[in-house]
2 protein chains.
Amino acid sequence: MADVAAKAGVSRALVSIIFRDQPGASQETRERVLRVADEIGYRPDNAARLLARGRSRTLGVMFTVHQTFHADLVEGMYPEAERLGYEVLLSATAQGRGEVKAVEALLSHRCEAVILLGPDSAVADLDALGHRTVAVSVGRRVPQARVDSVHTAEGKGIRQAMDYLVELGHRRIVHIDGGRGPGSAERRRAYRAAMRRHGLESGLRVIPGDHTEQSGIETGRLLLAERDGGQPLPTAVLAGNDRCAMGLLMALTRAGVEVPRDLSVVGYDDSHLSHLMPIGLTTVRQDAVLMAEHAVRFAVERLEDRELEPREAVLDPKLVVRGTSGPAPEEPA
Amino acid sequence: MADVAAKAGVSRALVSIIFRDQPGASQETRERVLRVADEIGYRPDNAARLLARGRSRTLGVMFTVHQTFHADLVEGMYPEAERLGYEVLLSATAQGRGEVKAVEALLSHRCEAVILLGPDSAVADLDALGHRTVAVSVGRRVPQARVDSVHTAEGKGIRQAMDYLVELGHRRIVHIDGGRGPGSAERRRAYRAAMRRHGLESGLRVIPGDHTEQSGIETGRLLLAERDGGQPLPTAVLAGNDRCAMGLLMALTRAGVEVPRDLSVVGYDDSHLSHLMPIGLTTVRQDAVLMAEHAVRFAVERLEDRELEPREAVLDPKLVVRGTSGPAPEEPA
DNA sequence: TACTCGCACTAGAGCGCGCTAGTAGAGCGC
DNA sequence: GCGCTCTACTAGCGCGCTCTAGTGCGAGTA
């Protein structure tokens, strides 16, 4: 920077002004300085910038590298962040890199706020994080913590799916649980409520699982084993999310079960995956872009006014009917 | 930091030493300082650290948020980077955020090296980047640029797949091209060569496409339209990558084409997707973890010795036979 | 005793910027 | 001529840390 200033015959301060696009420099000086900078190959150093400025205007996003829905969310964040003048820094959780590590990485890079996609941490930890910095949880309600949250009205989505399945004649509807995954508790609760409301308590069944393909595959195996043991298959399965639904489909189809003739499968998220199934996955759609925009906005607004109370955005989900669902099979007499 | 030093009754320098885990402090002072820091809630500021240190020990990784194979790669980089004492910063390309933007973000955050997953930029740009900093291209050979590269022996993989298909009796084997995608040119070339080698020039056909599901879907539609126009379907399709293969499968299966009875499909990458298909996708496996480790190692080694000439790691791919491939259908007399 | 050595620790410069407070000079009205 | 404002620019401190070149001190050696 000093080199640029020297070569352009101005002070460092003026170079700074020009690179920050601030008023206080004449047009011709601006052009000259920029030209010189280009020649020298100077580009401002962000680290120093942040340090001097005190603010980084950077949002940290923690996501899970294999969670396809997160990709949709991340993609939705960039434009909104840019619009508001913020940068986005990503940090992935992965095998051997837990949420704590991922978040620490973000914070130590001076992110002013942290947006957590489907956080799995304990409420107390999230609360602590929310006190240390501005935090937003996407996909999981954390009402007890000092954290904004953005999620869909899980109950509503599940209810739509359940009503739809019941309407199609399904009675034995099983739910694969998302474990500690975001939104799982609400989905589970809504499933239970819907079964009761439709007078199907007797068929109510929640199979423990999580938000991965593996979980769907295992459930598939379990159901097949039960069938071979003489128990009938359920006629419909409400999976914890799309990935789980995909795993289930794989396991079942491989074993000769025909979807949706023998059994209907409904996912959750409407991630890119849903379109991928040859017949398309029936699923409950969460609007990734809208969620992403809300999350960014929450973070920025809290940054601008630290006193703001944590808020919650609840978006409406929507059932998207594709090929994996259909009328319940005729019951054998 | 000054607060910690004051409260612990030592100098800032000593606190620094302790937080850097360097020799020069007694065990008891160490413990005391760390305890005080914890009480105050002090954590060292990375930006200032980088600035003062001159080195960031940070590797920047540019990836595409929806490219599933990239997720596998990213996951493989973290452990290796950590082992070598480097941090990893991610920057995604996405709609409206091109490679230039993504890389600028990395550089301005003081990444010492940039690892590009499947870069699409012009060779000249990559070369320029390679001169400005240490750069590694993963999945694409860039022999003309000052850039390390890590990729699989594309030709070998395609050859294996082709030999396998021909052995199964396939003659009309079509290739969906990956466009400007990484490795596409080599795969295309190898496909052509294999067709010739097997005396199948007459059936040689490259359909333009890219590395997305959409491209597979479109090709599927095209082939179906041709079939309806009286032309026979190919008996096997070699897709540009797994995503493309998935799209193709979706389009075909929807239209009643049975895979692999009527037509075999082979993908490329062996990303997580491949396991997802109910019947499993036959594909050419690239070892993501190995590629990731090579890429990180290349970057670090070049950082440690700037004079090192750019190198190239060529890994052996491996055909993984799953459910989407089988014997060629009987030709109608 | 005088010295060297090694260990625990410190002073203070400097990393590359942003920012506040300020100056020099041009243009204006009176 | 004076004071005034406005624009274009500059000096220099400080952000939070690392790092070099030290200081002080007790133990070991001549």
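Sequence lines set the chain letters: A, B, ... in the order given, protein chains first and strands last, and positions in each chain run from 1.
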Strictly below 4.0 Å, heavy-atom distances to any atom of DNA chain D: list the hits from [range], or just say none.
{"range": "residues 11-23 of chain A", "value": "A/S11, A/R12, A/A13, A/L14"}
{"range": "residues 101-112 of chain B", "value": "none"}
{"range": "residues 25-52 of chain A", "value": "A/A25, A/S26, A/T29, A/L51, A/A52"}

**Request:** For DNA chain C, produce a single dot-bracket line, 5' to 3'. Pairs: Watson-Crick or G-U wobble, both distances under 3.5 Å. Symbols: ( ) within strand, [ ] crossing, | other strand, . unpaired.
**Result:** ||||||||||||||||||||||||||||||
**Request:** Look up atom OG1 in B/T64 and atom CD in B/Q95, then write down how far apart they are to the nearest 0.5 Å.
**Result:**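 Taking OG1 in B/T64 and CD in B/Q95, the distance rounds to 11.5 Å.
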**Asked** Can you tell me how far CG of A/N241 sits from NE2 of A/H211, rounded to the nearest 0.5 angstrom?
**Response**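 It is 4.5 Å, given to the nearest 0.5 Å.
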Over all atoms of both residues, closest heavy-atom pair of [X] and [Y]:
{"X": "A/S91", "Y": "A/A105", "value": "OG-CB, 4.0 Å"}
{"X": "A/V147", "Y": "A/G130", "value": "CG2-CA, 4.2 Å"}
{"X": "A/I17", "Y": "A/G24", "value": "CG2-C, 4.4 Å"}

**Request:** Kindly state each residue pair satisfying salt bridge (charged side-chain N to carboxylate O under 4.0 Å, His left out) with at least one member in residues 98-114 of chain B, sequence neighbours excluded.
**Result:**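 Those involving residues 98-114 of chain B are A/R43-B/E104, A/D45-B/R110, A/E82-B/K101, B/R55-B/E112, B/E104-B/R132.
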**Request:** Please identify each residue that fulfils ring-ring contact (aromatic ring centres under 6.0 Å, His included) with B/Y86, with sequence neighbours left out.
**Result:**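 Per chain and number, B/Y86 pairs via ring-ring contact (aromatic ring centres under 6.0 Å, His included) with no residue.
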Considering only nitrogen or oxygen atoms on both sides, find all protein atoms under 3.5 Å from nucleotides 24-26 of chain C and state each distance.
none

**Request:** Only counting residues at least two apart or in another chain, list the ones meeting side-chain hydrogen bond (donor to acceptor under 3.5 Å, both in side chains) with A/E28.
**Result:**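 Expected list: none.
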**Which residues share a side-chain hydrogen bond (donor to acceptor under 3.5 Å, both in side chains) with B/R141, sequence neighbours left out** =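 In terms of side-chain hydrogen bond (donor to acceptor under 3.5 Å, both in side chains), with neighbours along the sequence ignored, B/R141 is linked to B/E312.
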**Message:** Show, in sequence, the C-alpha distance, side-chain angles and deciding distance for A/D120 and A/R180, and conclude whether the salt bridge (Lys or Arg N to Asp or Glu O under 4.0 Å) test is met.
**Reply:** CA-CA 7 Å; A/D120 185 38; A/R180 294 156 35 83; 3.5 Å; yes
**Request:** Measure from CE on A/M1 to P on C/dC19 and round the result to the nearest Å.
**Result:**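 For the pair A/M1 CE and C/dC19 P, the rounded distance is 11 Å.
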**Message:** Going by the rule side chain to side chain contact (heavy atoms under 4.5 Å, CB included), which residues pair with B/E307 if we only count those two or more places apart in sequence or in a different chain?
**Reply:**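 Listed in chain order: B/D305.
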**Message:** Which residues pass the side chain to side chain contact (heavy atoms under 4.5 Å, CB included) test with A/A113, not counting sequence neighbours?
**Reply:**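 Partners of A/A113 by the side chain to side chain contact (heavy atoms under 4.5 Å, CB included) criterion, ordered by chain and then number, come out as A/L59, A/V134, A/A299, A/L303.
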**Item:** Touch class at under 4.0 angstrom, heavy-atom based, for B/G54 against every strand present
**Value:**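 The residue B/G54 makes no contact with any strand.
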Tabulate below the donor-acceptor pairs under 3.5 Å that side-chain atoms of residues 290-297 of chain A make, not counting sequence neighbours, or state none.
unit_1, atom_1, unit_2, atom_2, d
A/H294, ND1, A/L290, O, 3.3
A/R297, NH1, A/E80, OE2, 3.0

**Request:** State whether the side chain of B/R97 and the backbone N or O of A/Y78 hold a donor-acceptor pair below 3.5 Å, judged by distance alone.
**Result:**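 Such a contact is absent between B/R97 side chain and A/Y78 backbone.
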**Prompt:** Less than 6.0 Å separating the ring centroids of B/H109 and A/H109?
**Reply:**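 When the ring centroids of B/H109 and A/H109 are compared, they turn out to be at least 6.0 Å apart.
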